[in-house]
Amino acid sequence: GDETGLRRATAPTGLDVTKTEQCTRERIVRERDLDWVARVRVGDQTAYAELHAAYSGRIQAFIYKQIRDVSEAEDLTQETFFQLYRSFESYDGRSSLLTWTFGIAQNVCSRYFRHCSRWMVGPRDARELEDTPSDAAISEARASRKSPARMACRLPHFALTLSTVRRVVASSMTSSW
């Protein structure tokens, strides 16, 4: 062991730190989290901006790994932080704020998959899906007289590019409801 007699631990960065140093870092993060929450609860927008800047990149990467669509990941990250803001009153500090935010992000992704999977068009086997939505799938969605958002959700999630959504909305506007 070293001369202080403390056990060494490996930090996520790969650096050797003592157990005491690791506990100190965790305590600092916990205090920062609680400070952010307390400040946001009284309406401090700067605290929310700091929290968003610190965590949004990691949350978006987490969501992207599940969704595999950059624009959807951006939207769901925004939704996650909206839900986080709405639920600050229930945060009690038993877990880190980052862990809690990851939990919210997981719930947001689960709702996304539940909602869209009900309206998917085509075979269940992903190998049978086309890379782009067919005109027939768009026409069927339009003919079903669903809202444009629901029609877009019926398309395979990888086909939901902005241009595809615009085509669905434009075609729905030209048809009679």
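With side-chain heavy atoms closer than 4.5 Å counting as contact, directly or through intermediates, V42 stands alone and belongs to no larger hydrophobic cluster. Residues V70 make up the rest of the hydrophobic cluster containing Y64, defined by ILVMFWY side-chain heavy atoms closer than 4.5 Å, directly or through other members.
The structure places OG1 of T101 at 10.5 Å from NE2 of H52, a figure rounded to the nearest 0.5 Å. Taken from CG in L97 to CG in L34, the straight-line distance is 8.5 Å, to the nearest 0.5 Å.
Listed by first and then second residue, the salt bridge (charged side-chain N to carboxylate O under 4.0 Å, His left out) pairs involving residues 54-67 amount to none (not counting sequence neighbours). Residue pairs meeting the ring pair (Phe, Tyr, Trp, His ring centres under 6.0 Å) criterion with at least one member in residues 31-50, sequence neighbours excluded: W36-Y55, Y48-Y85. Identified under the salt bridge (charged side-chain N to carboxylate O under 4.0 Å, His left out) test for residues 91-101, with sequence neighbours left out: D92-R94. The list of salt bridge (charged side-chain N to carboxylate O under 4.0 Å, His left out) pairs with a residue in residues 28-46, not counting sequence neighbours, reads R27-E31, D35-R39, R39-D44, R39-E50. Identified under the side chain to side chain donor-acceptor pair (under 3.5 Å) test for residues 102-111, with sequence neighbours left out: Q66-Q106.
Contact record, S87 with I104: OG-CD1, 3.8 Å, taken as the closest heavy-atom pair. When every heavy atom of S96 is checked against every heavy atom of Y91, the shortest pair comes out as C-OH, 3.6 Å.
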- side chain to side chain contact (heavy atoms under 4.5 Å, CB included) between L84 and L51: does it pass, once the steps are laid out? CA-CA 11 Å; L84 174 67; L51 182 147; 3.5 Å; yes
Report, one line per pair, each donor and acceptor closer than 3.5 Å where one atom sits in a side chain of residues 74-82; sequence neighbours left out.
unit_1: T77; atom_1: OG1; unit_2: A73; atom_2: O; d: 2.7
unit_1: E79; atom_1: OE2; unit_2: Q83; atom_2: NE2; d: 2.7
unit_1: T80; atom_1: OG1; unit_2: L76; atom_2: O; d: 2.8

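Residues that satisfy the side-chain hydrogen bond (donor to acceptor under 3.5 Å, both in side chains) test with S56, not counting sequence neighbours, are absent from this structure. By the side-chain hydrogen bond (donor to acceptor under 3.5 Å, both in side chains) test, T46 pairs with no residue at all, sequence neighbours left out.
Of the possible polar contacts, one joining the T18 side chain to the E21 backbone as a donor-acceptor pair under 3.5 Å is found.
Between F62 and F102, the two ring planes are perpendicular [angle over 60°; tilted spans 30° to 60°].
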